[in-house]
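Just so it is clear, the structure is predicted and the values come from calculations on it, not from any experiment. Chain letters run A, B, ... following the sequence lines, proteins first, then strands; residues in each count from 1.
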Amino acid sequence: MEMEKLVSLCKRRGFLFQSSEIYGGINGFWDYGPLGVELKRNIKEAWWRDMVTSHDELSVVAGAPASYEMTGLDCTIIMHPQVWKVSGHYDLFSDRMVDCRETKGRYRYDQLRGQWVEAKGRRVFVTTNAEADDEADDLRRRALKVFRLRNKDADALVWDGPIVSLETVDDFASVFAPQASKVGTLTEPREFNLMLDCYPGPIKDEKNRAFLRPETAQGIFVNFKNVVDSTRVRVPFGIAQVGKSFRNEITPRNFTFRSREFEQMEIEFFCHPDTSTAWYKFWRDRRFRWYQDLGLAGERLQLRDHDPDELSHYSTGTADIEYAFPFLPEGEYGELEGIAHRGDFDLRSHMEGKLNPETNPLEVELGENGKPKYKGSGRDLTYRDDLSNERFTPHVIEPSAGADRATLAFLCEAYCEDEQPSEKGKLETRVVMQLHPRIAPIKAAIFPLVKKDGMPEVAKDIYRAMKKQFPAFYDEKGAVGRRYRRQDEAGTPYCITVDGQTLTDQTVTIRDRDTLKQWRVKIDDVVDEIATRVS
RNA sequence: GCGGGUGUAGCUCAAUGGUAGAGCAUCGGCUUCCCAAGCCGACUACGAGGGUUCGAUUCCCUUCACCCGCUCCA
C-alpha cells in the first residue's frame with residue numbers, strides 16, 4: 001500500500017487534515033476530521049475501558065501474577081518546571097548541537113570528544129566519534145591525516161592534554177571534525193529545545209518559564225501520594241492517563257507519526273520490587289495482545305524486547321510494540337508503545353532529587369556545590385503495606401502508548417483495495433477500510449434501496465433507533481452501489497437496506513463490508529443485531 | 001538543520017508570459033429494486049509574500065508546506 005493513497009483518502013473522507021491548512025499548514029501538527037475524531041476517540045475509549053473501567057480487580061486476570069487495581073488521572077499539561085529538571089527531561093531535552101558544514105554530520109556538543117595536538121607549528125583539536133575503546137587509535141589516525149603525516153612520522157605529533165569534551169573548546173576554527181577533510185567546518189553550538197516552553201503569567205520573564213509536558217507520565221508520579229491517600233488503592237495498582245504531550249521533534253515527518261503535538265495513553269503500574277519482573281512480563285504481553293485483538297493481527301505488528309545492553313541497569317526489561325508502517329523501509333518498524341520496567345527511579349528522583357542513571361546503585365546527581373543538581377520534592381513517596389507493615393518504594397512498570405501512532409497504524413492496516421464486480425459484472429477496484437467494528441467511526445449505514453414507495457420512511461425509523469445506541473449514517477441519494485462504496489471508504493462495517501420485500505415481510509438486508517455478503521433480519525431485531533456485532 | 005524534488009478544483013492530473021482544461025468526487029433534477037450505472041444542470045483551483053513586465057499561474061527572489069535522502073529520535 002502506498003502511503004500517498006492513504007493520505008489522500010484521509011483527507012478526502014475527513015480522517016485527517018493538515019493543521020491550519022488554509023494558511024499553508026504548520027510543520028508537525030495534524031487535525032482529526034469528522035471521521036478521524038470518532039476513530040481516535042474509539043481507540044482511546046477502548047484503551048480506557050479495557051485497561052481501567054472494565055478491569056476486574058476482584059479476580060486474577062489471565063496471565064497476571066496477582067489481582068490488582070486500576071485507577072485514572074487527568075493532570076495539567078503545564079506543571080512546575082522542577083518536575084522536568086528532576087525527571088531528566090530538562091537536561092536531555094536541551095542538548096546543544098554542532099553541525100559540520102562539510103560532512104553534514106550533526107553532533108551532540110557535550111558528547112563529541114577530542115584532543116589538542118600540535119605539529120608543523122599548528123595546533124588543532126582533533127575530534128572523534130569512535131567507540132571509547134577505539135578512541136585513541138582514531139584520534140591518532142585523524143591527527144596524522146590533518147597534518148598530512150605518515151604512520152612512521154607519528155612521533156612528530158605533540159599531544160596536549162587528555163581527551164576532553166568539545167565543550168572545553170572555544171576556538172572552533174581549530175577543530176577538526178569527524179570524517180571531515182579540513183579544519184574548522186563545525187558550526188557554533190546551537191541549542192535544541194526539545195521541550196516547548198511557555199511563560200505562564202502576564203509578563204514574559206525567565207522566572208516564569210515553564211514547559212509543555214513532553215510526556216504524561218510525570219504527572220502520575222507527582223500525584224502518586226495523592227492517589228494513594230485519597231482512594232484506598234493498594235499496591236499493586238496502576239494509574240492511567242490519556243492526554244496531549246509536546247515535543248520539538250527536529251524532523252517531524254511521515255504523516256502523523258512524528259508530530260510535535262500528540263496524545264499519549266500511559267499507565268504507571270506500582271508494585272513491590274520482588275514482583276516487578278513478573279508484572280513487567282504481564283504488561284508487555286497484555287499490551288501486545290490488545291493491539292492484536294483490535295485488528296493489528298498480522299506480521300506487521302511485532303513485540304521487540306530490548307537487548308540487555310540497551311537497558312539501564314536499574315531496569316530489568318523494556319519492550320517496544322512496533323508496526324511496520326508503509327512509509328518505513330522494508331524490514332523496519334516504528335514504535336507504537338514502549339513497556340518499560342523503570343525500577344524506583346522516578347519516585348526516588350521526585351523524593352531525593354534527580355538521580356544519575358549512570359550510577360549503580362542509583363545516586364542523586366550532584367551539582368558543582370556538592371548539593372543535588374536538581375532538588376527533589378523532599379516528600380515521602382514510599383508506600384507502607386498495611387498488612388505486612390513493610391515500607392518500600394514501589395517499582396514501576398510503564399506501558400506508554402501513542403494514541404496518534406496507534407490510530408495511524410489502524411488506518412494503515414485497514415486500507416485495502418480489492419476487486420469487486422460492478423453492476424455490469426465487470427471487475428472494478430474497490431477501496432475499503434477494514435477497521436475493526438469496535439473502532440470504526442460509523443457502525444452502520446441505513447439506506448432505502450430507492451427513494452420511493454415508502455422505503456425512506458421505514459429506513460428513517462430504523463436510523464433513529466440505531467442512532468440512540470451507536471453512530472449511524474442515513475443516505476438515500478443516488479445509486480445504492482455508490483452508497484455502499486462510500487461507506488467502504490469510511491470503514492463502516494455494516495449497511496442496512498430497506499427494499500421492496502421489507503414492505504411485505506418487515507425484514508431488511510444487512511450487508512457485510514468485508515465479504516459483501518447480505519442476509520435478512522427482522523426490522524425489530526436489526527438494531528440489536530448490529531449493536532452486538534460492533535461492541 | 002543540510003541536499004534534492006513537488007506545490008493548479010475536494011481528489012488525481014493537464015496546459016499556458018495575455019479568457020486555466022479533463023476525469024473522478026460533491027450538490028440539484030430525472031431515471032433507478034442491490035454494489036461507484038445513465039441523462040441534464042451546478043459549484044470549485046494556480047500555497048503565501050515580493051520583484052521583473054503593459055500584463056506573471058508561467059521568469060526571478062524570499063517564505064511556508066509536503067515527499068525522498070542525511071541528521072535527530074529522551
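OP1 or OP2 of rC66(B) has at least one side-chain nitrogen or oxygen of Asn27(A) nearer than 4.0 Å. Between Lys452(A) and the phosphate of rU31(B), there is no side-chain N or O to OP1/OP2 separation shorter than 4.0 Å.
With no hydrogens or angles considered, a side-chain donor-acceptor pair links His350(A) and Gln218(A) at under 3.5 Å. Tyr323(A) and Glu413(A) share a donor-acceptor pair across their side chains, judged by distance under 3.5 Å alone.
The minimum heavy-atom distance linking Arg213(A) with Cys75(A) is given by the pair NH1-O, 3.2 Å.
Between His89(A) and Trp84(A), the ring-plane angle classifies as perpendicular under the 30° and 60° cut-offs. In this pair, Trp30(A) and Phe255(A) present their aromatic rings perpendicular. The plane angle is above 60°, beyond the 30 to 60° band.
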Anything under 3.5 Å between a protein N or O and an N or O of nucleotides 10-12 of chain B, put it in a table, one pair a line.
residue: rC11(B); atom: OP1; partner: Lys11(A); partner atom: NZ; Å: 2.5
residue: rC11(B); atom: O3'; partner: Ser8(A); partner atom: OG; Å: 3.2
residue: rC11(B); atom: O2'; partner: Ser8(A); partner atom: OG; Å: 3.4

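Comparing the C1' positions of rA65(B) and rA25(B) gives an interatomic distance of 24 Å, to the nearest angstrom.
Within the structure, ring pair (Phe, Tyr, Trp, His ring centres under 6.0 Å) contacts touching residues 476-522 of chain A (residues at least two apart or in different chains) are Phe447(A)-Tyr484(A).
In the interface, the side chain of Gln18(A) is not paired with the base of rC66(B) through any donor and acceptor atom under 3.5 Å apart.
In RNA chain B, stems built from 3 or more consecutive Watson-Crick or G-U wobble pairs, each with both distances under 3.5 Å, span B:1-7 with B:64-70, B:10-13 with B:21-24, B:26-30 with B:38-42, B:47-51 with B:59-63.
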